[in-house]
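Numbering of ligands and ligand atoms starts at 1, following listing order. Computed from a prediction, not measured in an experiment: that's the story for all the values here. Residue numbers count from 1 along this sequence.
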Amino acid sequence: MAYLLKDENLVGWWENFFMEYCRAEIEDVALEYPQRRSLVLDYWKIDKADHEMAEMLLTDPSKVIFNAELALSNVDVAVDKEMKLHLRVYNLPEIQHILIRRLRAEHLGRFIAVEGLVKKVTEVRPKLKNAVFICQKCGAHISVEQDEDILKEPLECYEDQGGCGRSSSFKLSSSLSTFVDSQKIEVQESPEGLRGGAQPERISVYIDDDIVGDIAPGDRIVVNGVLVSQQRRRGTYRLTSFDKIMHAVSIEKQEQAFEEVEITEEDEQKILEVSKIPELYERMRESIAPTIYGMETEKDAMVLQLFGGVPKTMPDGTRIRGDIHMLFVGDPGTAKSQMLNYMSKLAPRSIYASGKATSAAGLTAAAVRDEFGEGHWTLEAGALVLADMGIACIDEIDKMAEQDRSALHQAMEQQEISVAKAGINATLKSRCAVLAAANPKLGRFDEYMPIHEQINMPPALLSRFDLIFSMIDRPNRERDSNLALHILKTHKAGEIHEQRRRRLKDSEYSEEEEEKLMKPVTPFFEPEFLRKYVAYAKRNVFPVLQDDALERLKEYYVSLRNTSEESIPFTPRQLEAFVRLAEASARVRLSDKVTIEDGERAINIIEKYLRRVGLDRETGRFDIDIITTGISRSQHDRMLTVMEIIKKLSGESPDGTASREDVISEGEIQGIDSSKVKDALERLKRNGQIYEPKHNHYRITEEY
Ligand code: ADP
Ligand code: MG
């Protein structure tokens, strides 16, 4: 932006333009000046007035904006104020929208638009705008306008500023200089533009003055600005390579959900038609990861997760999430990662991340002091913030960092993440569904061990998931044979496809044969269409629980809670999961009504999940305690009984301990199987509720 020159013709043109088209707006701004300091202008307004001027703005933005801003201060407005306004032009033509990875030298100095996700923001810092130097020879004040990132000093003591004209040494006076607020942000390509797992590219953007402090990591924005190059430095050396950075002229925030998914009238027609087809739910399931065999329930649940329930804001300000959180736990090689990967490519606004992520922000967010902030604080978004309004697919969630573990609670329930550190005090939105996968610590999933002991995740966090599916890989002749056949056929179909693609003429396979084999592994709905369908449903469909559905869910809930008198297997949290799943089910067929069938679908899925991970194997009843605390009600009660026995026996014995033999036989008298007494003793010992002062002799720990 160096050496901007005043151009009388340009100033004249803009003065006329402002007087004619923007007077009212300028007067509005003037009323609130200096709180407001910008005139925000739609590009097409300029284009309408003078196409050539609009073109010139695109090719030489620095010069045009410099002169337009000069003109802006000449505009006569009713409010008598000496104003210096910024001109912030937005809504650039489509061809000026450039993907970050496509930015090239030809774009340097041009007015372009870049879309993406805000990954990092630095704190707001003052930046020198007009630097005033004091000549060490004559004491004159010499001012130098700063328009680059490197301090520009006077070359001599300028005579036209009243100086001595000699070359001299100068001292910067910060009290005489003027500053402007400035901030640096990092924008990352949206994942939508990145099919195929490419690493997202990033660009740094400088923003100045009145638009700072308004952007948070995780925001989706369009930056309209000027691409400049900045020489790289290593220490005090200047390198020959340059970084691409942008100076923002204006920033547009994308607030609406799935704005980036464009739905034409034609699309809408097709979406409405499809919503009425019979067996819609099966067709939807067939559109999720068709190369993966089986997993019908998981895929049904993933369909519902794609659509999500309805987020609600209550009159007291509380927000209830609509997003459905889901966890896969299980044996290695059961396609967990594969499913997550598929979903992250299918669902709009989704992010795939691993719990092992190395970035400082991890899964949630962090304030870090890093190179990007030039040694100052930077707020950086992790996967859950970047996936705002989408799905965060988190693989190997069991391996996440300690800081994430605590932030994840808040992220999953309140759907925001707070960061308070070193003057950065921010709350970032993470309104996303979580689809996570975890591998058991011991390599294989053990159906008889509580989940939280197996995957290194606290029960309280586990209870945030609406659904937890265990994936167990046990030899089973029939399933193995079907799975093998499915995988082998998938490969064969791929082989034929490749052969025909490369040697169409002499391949012995016909097109029909290829199609026949490809069919079972082709999604019923194309991902592109499904994305549109989902976006349409999320934008337009807000279903309401019908009375009979409400009654059905209530009945089911009460019946589950009443399966035994003393046991309270279900909590209201599970009831909310039912509601979310039922709402999502209504959304699938674009219905405004959550019907009894939707309720049944939700019940079915939850029952299958509970049957696998929440079943109390002794009583055959569902028991959510197994998931949340790791033990069932009956185990818990038994542990209390055994504690009582130990208390009684140790009170009676001379050395104050209860021997193992006596505890077991007393247990048997009270009707507890010896193996279960032993199990209870193990657990009590592990929990620290009892201890063993002497081999096979127990005592109750003081505080119990
Ligand atoms: P995990 O993350 O559970 O350890 P992966 O997703 O890495 O497992 O899967 C391992 C491989 O096995 C993948 O290539 C996957 O496609 C294949 N695989 C596992 N289960 C199935 C299945 N049910 N159908 C098709 N392929 C499967
Ligand atoms: Mg894996």
Distance-only donor-acceptor check, side chains Glu528 and Tyr533, under 3.5 Å: no
Pairs involving residues 478-495, ordered by first then second residue, that meet side chain to side chain donor-acceptor pair (under 3.5 Å) (sequence neighbours left out): Tyr293-Asn482
Salt bridge present between Glu296 and Arg285 (N-O < 4.0 angstrom): no
For atom 24 (N) of ligand 1, closest protein heavy-atom neighbour: Tyr293 N, 2.8 Å
For Asp395, salt bridge (charged side-chain N to carboxylate O under 4.0 Å, His left out) partners two or more places apart: none
Close N or O approach (Asn439, ligand 1; < 3.5 Å): no
Ion pair check, Arg580 and Asp466, cut-off under 4.0 Å: yes
Side-chain ion pair, Glu413 and Arg321, N-O less than 4.0 Å: yes
Pair Ser585, Arg601: side-chain N/O donor-acceptor within cut-off below 3.5 Å: yes
Within-cutoff protein neighbour (heavy atom, under 4.0 Å) for atom 19 (C) of ligand 1: yes
Atom 25 (C) of ligand 1 - nearest protein heavy atom and its distance: Thr291 O, 3.4 Å
Salt-bridge present (Glu513, Lys516; N to O < 4.0 Å): no
Polar side chain donor-acceptor pair, Glu380 to Thr378, under 3.5 angstrom: no
Atoms of the protein (N/O/S only) found under 2.8 Å from the Mg ion (ligand 2): Ser337 OG
Within-4.5 Å side-chain heavy-atom neighbours: Ile292 and Met339: yes
Counterpart residues, salt bridge (charged side-chain N to carboxylate O under 4.0 Å, His left out), relative to Asp219 (two or more places apart): Lys253
Atom 7 (O) of ligand 1: the protein heavy-atom neighbour that sits closest, reported with distance to 0.1 Å: Ser337 CB, 4.1 Å
Parallel, tilted or perpendicular, as decided by the 30° and 60° cut-offs, for the rings of Phe469 and Phe328: tilted
Atoms of ligand 1 close to Ile292 [distance to a heavy atom under 4.0 angstrom, numbered from 1]: 22 (C), 23 (N), 24 (N), 25 (C)
Numbering as shown, the atoms of ligand 1 that approach Pro332 to under 4.0 Å (heavy-atom distance): 4 (O)
Nearest non-hydrogen protein atom, atom 22 (C) of ligand 1: Leu483 CD1, 3.2 Å
Atom 8 (O) of ligand 1: nearest protein contact (heavy atom, Å): Ala335 N, 3.2 Å
Distance-only N or O hit between ligand 1 and Gln338, under 3.5 Å: yes
Atom indices of ligand 1, in the order listed, that fall short of 4.0 Å to a heavy atom of Ile487: 25 (C), 26 (N), 27 (C)
Cation-pi check, Arg500 onto Tyr509 ring (under 6.0 Å, within 45° of axis): no
Asp395, portion touching ligand 1 at heavy-atom distance under 4.0 Å: neither
Residue and atom name of the nearest protein heavy atom (relative to atom 3 (O) of ligand 1), distance in Å to one decimal: Lys336 NZ, 2.7 Å
Shortest protein heavy-atom distance from atom 4 (O) of ligand 1, along with the residue and atom involved: Gly333 N, 2.7 Å
